[in-house]
Enquirer: 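Just dropping this structure here.
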Amino acid sequence: MEAFRSINTIRPNVAARLERLPMTHYQRSLFAIIATAWFFDSMDLGIMTFVLGSIKAEFALSTAQTGLLASASFLGMLLGAAVAGLLADKFGRKPIFQISMIFWGVGSLLCAFAPDVTWLMAFRVLLGFGMGMEFPIGLSMVSEIVPAKSRGKYVALLEGFWPIGFIAAGIAAYFFLPLIGWRGIFIGLAIPAAFVFVVRRRVPESPRWLEDAGRVVEAEQVIGEIERKVVMASGGKMLPPPVEHLEDSATVADSGRRAQFAELWKQGYAKRTVMLWALWFFALLGYYGLTTWLGALLQDAGYAVTKSVQYTIFISLAGIPGFLFSAWLLEAWGRKPTCVLMLLGSAASAYFYGQAAAAHAPVAGLIGAGLCMQFFMFGMWSVLYAYTPELYPTRSRATGSGFASSIGRLGSLLGPLAVGVVLPITGQGGVFTLGTISFCLAAAVVLTLGVETKGLALEDVSR
């Protein structure tokens with residue numbers, strides 16, 4: 001017992017030491033490594049939007065079968081996000097972060113050699129499992145390294161690599177789909193996994209997690225190295241003294257590394273968990289129900305494959321100013337109002353896009369409505385990823401983020417399936433009305449149950 005007390009006495013106040021650090025090239029380089037992984041994951045998931053029509057034609061799939069294939073990776077993401085969150089809170093962020101890449105790299109390669117649609121679905125599940133693992137860990141790592149004054153912006157910018165990856169997937173499909181087919185594209189997307197795996201090894205373990213896990217010596221080593229590199233990156237300037245008022249909601253002594261999932265439902269966190277699960281479910285049901293089918297819907301409306309890919313890429317370009325605007329608004333206005341704004345904007349623009357598609361409006365009108373839709377939907381993603389990890393303490397942050405993401409993947413699994421069922425009955429107008437309703441329900445949940453976290457250190461939010 002005396003030994004434990006002496007260890008706890010020298011326990012470094014990691015939170016205070018991290019929060020006083022200026023943002024330098026060093027932290028930005030860590031962010032860039034995680035964002036690079038995010039980019040390639042986005043390409044792997046987003047490519048299905050652009051090759052789904054070609055796969056449907058090659059295997060002669062019905063709309064229901066096509067929806068099932070489009071949803072396969074989301075089943076894997078549902079499982080991967082939940083498992084990775086628990087593992088990352090138990091064993092650390094860094095090892096699970098690296099393992100996740102192996103799954104999506106191998107899964108992408110296997111997709112290229114799928115002999116039939118059944119095997120293709122199975123390999124998309126494996127691919128999705130790896131991607132689902134990475135998201136909650138990447139969120140937790142960025143949230144735990146970047147100081148509170150910049151945290152919302154950088155997590156939102158991390159999410160910005162999602163539309164960039166989506167657009168890059170569309171560009172790759174536009175140029176290479178006619179040349180190498182969808183199988184060749186999957187081979188190409190497996191290659192970056194090896195490079196990202198090596199680069200990721202430069203990211204240190206989260207010192208906040210090490211401290212919370214009671215590994216105080218390692219925490220001291222990591223935070224000391226971070227401080228040294230920040231001083232070097234800032235030209236040798238002395239660091240300000242830590243502000244010793246920050247406390248996590250539980251110390252190593254009383255947390256005991258208890259079951260993280262149970263904590264999500266304790267007093268103070270249960271309301272947040274209900275809000276996040278509902279938000280992620282309805283937001284992702286609406287988003288993936290619409291975007292996964294965008295290319296195929298345009299082809300069904302009579303556009304050639306190359307034209308549908310071209311229009312989808314062009315529409316997606318609006319996601320870049322969307323996430324940049326959202327990243328700025330998160331710090332200027334706050335998480336909760338920005339989230340509601342982006343969800344309601346997504347709902348309204350999805351409705352008008354559906355009406356334009358159903359009425360066979362001119363291409364200019366269709367693209368205009370699509371640009372608005374992607375602007376708000378990618379802005380919505382930025383808020384989701386910035387907001388979620390802030391609502392839980394260090395010991396259960398990855399678990400909370402992972403299960404919220406996992407519930408969201410249930411929505412993204414059901415979304416494309418629902419479209420495959422609804423489309424033959426209601427047409428494209430009904431499909432986009434379904435998306436509108438989903439976004440409105442998500443906004444209502446945030447409006448009634450959400451809390452504001454703008455400008456607060458993670459430990460203050462935990463209390």
Enquirer: Do Leu158 and Tyr154 have side-chain heavy atoms sitting under 4.5 Å apart?
Expert: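 Result no, sub-4.5 Å side-chain heavy-atom pair not found.
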Enquirer: Taking the side chain as everything from C-beta on, heavy atoms only, tell me whether Phe161 gets closer than 4.5 Å to Thr36.
Expert: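 No, their side chains stay 4.5 Å or more apart.
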Enquirer: Side chain to side chain contact (heavy atoms under 4.5 Å, CB included) for Arg151 and Glu390? Distances and angles first, verdict last.
Expert: CA-CA 9 Å; Arg151 187 180 63 238; Glu390 296 179 339; 2.9 Å; yes
Enquirer: What orientation do Tyr288 and Phe74 show, parallel under 30°, tilted 30 to 60°, or perpendicular over 60°?
Expert: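 Correct class here is tilted.
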Enquirer: Are side-chain heavy atoms of Phe129 and Met133 found at a separation under 4.5 Å?
Expert: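 Contact flag for Phe129/Met133 side chains = yes.
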Enquirer: Quick check: closest heavy atoms across Val51 and Leu177, and the distance to 0.1 Å?
Expert: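 Result for this residue pair: CG1-CD1, 4.1 Å.
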Enquirer: Nearest 0.5 Å, please: how far is CZ in Phe103 from CG in Leu126?
Expert: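 The CG atom of Leu126 sits 7.0 Å away from the CZ atom of Phe103.
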Enquirer: Using atom types as modelled and distance alone, determine if a side-chain donor or acceptor of Ser108 lies under 3.5 Å from a backbone N or O of Trp104.
Expert: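 No; judged by distance alone, with no hydrogens or angles, the pair does not exist.
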Enquirer: Applying side chain to side chain contact (heavy atoms under 4.5 Å, CB included) to Leu18 and Arg208, what does each step give before you reach the verdict?
Expert: CA-CA 9 Å; Leu18 281 173; Arg208 271 183 160 111; 3.7 Å; yes
Enquirer: Within this structure, what is the CD1-CD1 distance for the pair Ile167 and Ile315, rounded to the nearest 0.5 Å?
Expert: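 Taking CD1 in Ile167 and CD1 in Ile315, the distance rounds to 11.5 Å.
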Enquirer: For Trp38 and Tyr385, I'd like to know if the aromatic rings sit close, meaning centre-to-centre distance below 6.0 Å.
Expert: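 Judged by ring-centre distance (under 6.0 Å), Trp38 and Tyr385 do meet the cut-off.
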Enquirer: Check whether any side-chain heavy atom of Ile47 lies under 4.5 Å from a side-chain heavy atom of Phe186, and answer yes or no.
Expert: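 A side-chain contact exists here, since the closest heavy-atom pair is under 4.5 Å.
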Enquirer: Show the nearest heavy-atom pair for residues Gly105 and Ala190, with the distance to one decimal.
Expert: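 Nearest pair, atom of Gly105 first, then Ala190: O-CB, 3.5 Å.
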Enquirer: What pairs meet the salt bridge (Lys or Arg N to Asp or Glu O under 4.0 Å) rule with one or both residues in residues 60-73, with sequence neighbours excluded?
Expert: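 Counting only pairs at least two positions apart or across chains, no salt bridge (Lys or Arg N to Asp or Glu O under 4.0 Å) contact touches residues 60-73.
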Enquirer: Return the CG to OG1 distance between Leu344 and Thr436, rounded to the nearest 0.5 Å.
Expert: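 Taking CG in Leu344 and OG1 in Thr436, the distance rounds to 11.0 Å.
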Enquirer: In plain terms, say whether Arg93 and Glu144 are close enough for a salt bridge, that is, a side-chain N and a carboxylate O under 4.0 Å apart.
Expert: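 Judged by the 4.0 Å cut-off on N to carboxylate O distance, Arg93 and Glu144 do form a salt bridge.
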Enquirer: Just by modelled atom types, is the Ile55 backbone N or O under 3.5 Å from a matching donor or acceptor in the Glu58 side chain?
Expert: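 Judged by distance alone, no pair lies under 3.5 Å.
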Enquirer: Is Gln27 reaching over with its side chain to a backbone N or O of Val146, donor-acceptor style, under 3.5 angstrom?
Expert: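 No; zero donor-acceptor contacts below 3.5 Å.
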Enquirer: What pair of heavy atoms forms the shortest contact from Pro204 to Tyr26, and how long is it?
Expert: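 Taking Pro204 first and Tyr26 second, the nearest heavy atoms are CG-OH, 3.9 Å.
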Enquirer: Look only at the side chain of Glu452 and the backbone of Lys336, and say whether a donor-acceptor pair between them is shorter than 3.5 Å.
Expert: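 Here the side-chain-to-backbone pair exists.
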Enquirer: Measuring only between side-chain heavy atoms, which start at C-beta, is Trp381 closer than 4.5 Å to Tyr287?
Expert: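 Side chain of Trp381 against side chain of Tyr287, heavy atoms only: contact under 4.5 Å found.
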Enquirer: Decide yes or no for Leu343 and Phe282: does some side-chain heavy atom of the first lie under 4.5 Å from some side-chain heavy atom of the second?
Expert: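 They are not in side-chain contact.
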Enquirer: Let me confirm one number: the CD1-CZ distance from Ile33 to Arg202, rounded to the nearest 0.5 Å.
Expert: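 So the CD1 of Ile33 and the CZ of Arg202 are separated by 4.0 Å.
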Enquirer: State, to 0.1 Å, how close Ile226 and Pro207 come at their nearest heavy-atom pair, and which atoms those are.
Expert: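 Scanning both residues completely, I find the closest heavy atoms to be CD1-CG, 4.0 Å.
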Enquirer: With heavy-atom distances below 4.5 Å as the criterion, would you say the side chains of Phe97 and Ile34 are in contact?
Expert: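 Yes; the side chains approach each other to less than 4.5 Å.
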Enquirer: Should we count OH of Tyr351 as having more than 12 external heavy atoms under 6.0 Å?
Expert: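 For Tyr351, atom OH is not crowded (no more than 12 foreign heavy atoms under 6.0 Å).
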Enquirer: Using side-chain hydrogen bond (donor to acceptor under 3.5 Å, both in side chains), reason through Ser140 and Trp209 one step at a time and then give a plain yes or no.
Expert: CA-CA 10 Å; Ser140 296; Trp209 178 84; over 6 Å; no
Enquirer: Would you please indicate yes or no on a ring centroid separation below 6.0 angstrom for Phe325 and Phe378?
Expert: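 No.
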Enquirer: Let me know which of Phe432, Phe376, Phe375 forms a ring-ring contact (aromatic ring centres under 6.0 Å, His included) with Tyr353.
Expert: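 Passing option: Phe432.
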Enquirer: Could you tell me whether the side chain of Ser396 and the main chain of Thr399 form a donor-acceptor pair under 3.5 Å?
Expert: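 It does not hold such a pair.
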Enquirer: Would you tell me whether Thr273 and Tyr392 have side-chain atoms, one donor and one acceptor, within less than 3.5 Å of each other?
Expert: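 Yes.
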Enquirer: So, does Ser406 use its side chain to make a donor-acceptor pair with the main chain of Gly402 at under 3.5 Å?
Expert: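 Answer holds: no.
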Enquirer: Counting only heavy atoms not in Trp119, do more than 12 sit closer than 6.0 Å to its CH2 atom?
Expert: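 Counting other residues, nucleotides and ligands, CH2 of Trp119 stays at 12 neighbours or fewer.
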Enquirer: Quick one: closest heavy-atom pair of Leu284 and Arg409, and the distance?
Expert: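 In terms of heavy atoms, the two residues are closest at CD2-NH1, 3.5 Å.
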Enquirer: Step by step, would you call Met377 with Phe439 a side chain to side chain contact (heavy atoms under 4.5 Å, CB included)?
Expert: CA-CA 9 Å; Met377 287 200 298; Phe439 292 132; 3.5 Å; yes
Enquirer: If you round to the nearest 0.5 Å, how far is CZ of Arg28 from CE of Met23?
Expert: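 One gets 5.0 Å once the value is rounded to the nearest 0.5 Å.
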Enquirer: Would you find a donor on one side and an acceptor on the other, under 3.5 Å apart, between the side chain of Asp41 and the backbone of Asp44?
Expert: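 Checked: no pair found.
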Enquirer: What's the shortest heavy-atom distance between Phe50 and Gly46, and which atoms?
Expert: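 It is CD1-O, 3.4 Å.
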Enquirer: Backbone N or O of Arg397 within a donor-acceptor pair of the Ser401 side chain at under 3.5 Å?
Expert: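 Yes, the answer is positive, given that a donor and an acceptor are paired below the 3.5 Å cut-off.
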Enquirer: How many angstroms lie between atom CG of Leu157 and atom OG of Ser382, to the nearest 0.5 angstrom?
Expert: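 Output value for this atom pair is 7.5 Å.
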Enquirer: Assess the residue pair Phe281 and Leu414 against the criterion (side chain to side chain contact (heavy atoms under 4.5 Å, CB included)); give the C-alpha distance rounded to whole Å, side-chain angles, the decisive distance to 0.1 Å, and a yes or no.
Expert: CA-CA 10 Å; Phe281 177 82; Leu414 295 175; 4.0 Å; yes
Enquirer: Does some side-chain heavy atom of Val14 sit less than 4.5 Å from a side-chain heavy atom of Val222?
Expert: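 No, every pair of side-chain atoms sits at 4.5 Å or beyond.
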Enquirer: Would you say Ser326's side chain and Phe323's backbone share a donor-acceptor pair under 3.5 angstrom?
Expert: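 No; judged by distance alone, with no hydrogens or angles, the pair does not exist.
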Enquirer: Looking at Arg124 and Ser73, would you say the former's side chain and the latter's main chain have a donor-acceptor pair under 3.5 Å?
Expert: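 Pair absent, no side-chain N/O of Arg124 close to backbone of Ser73.
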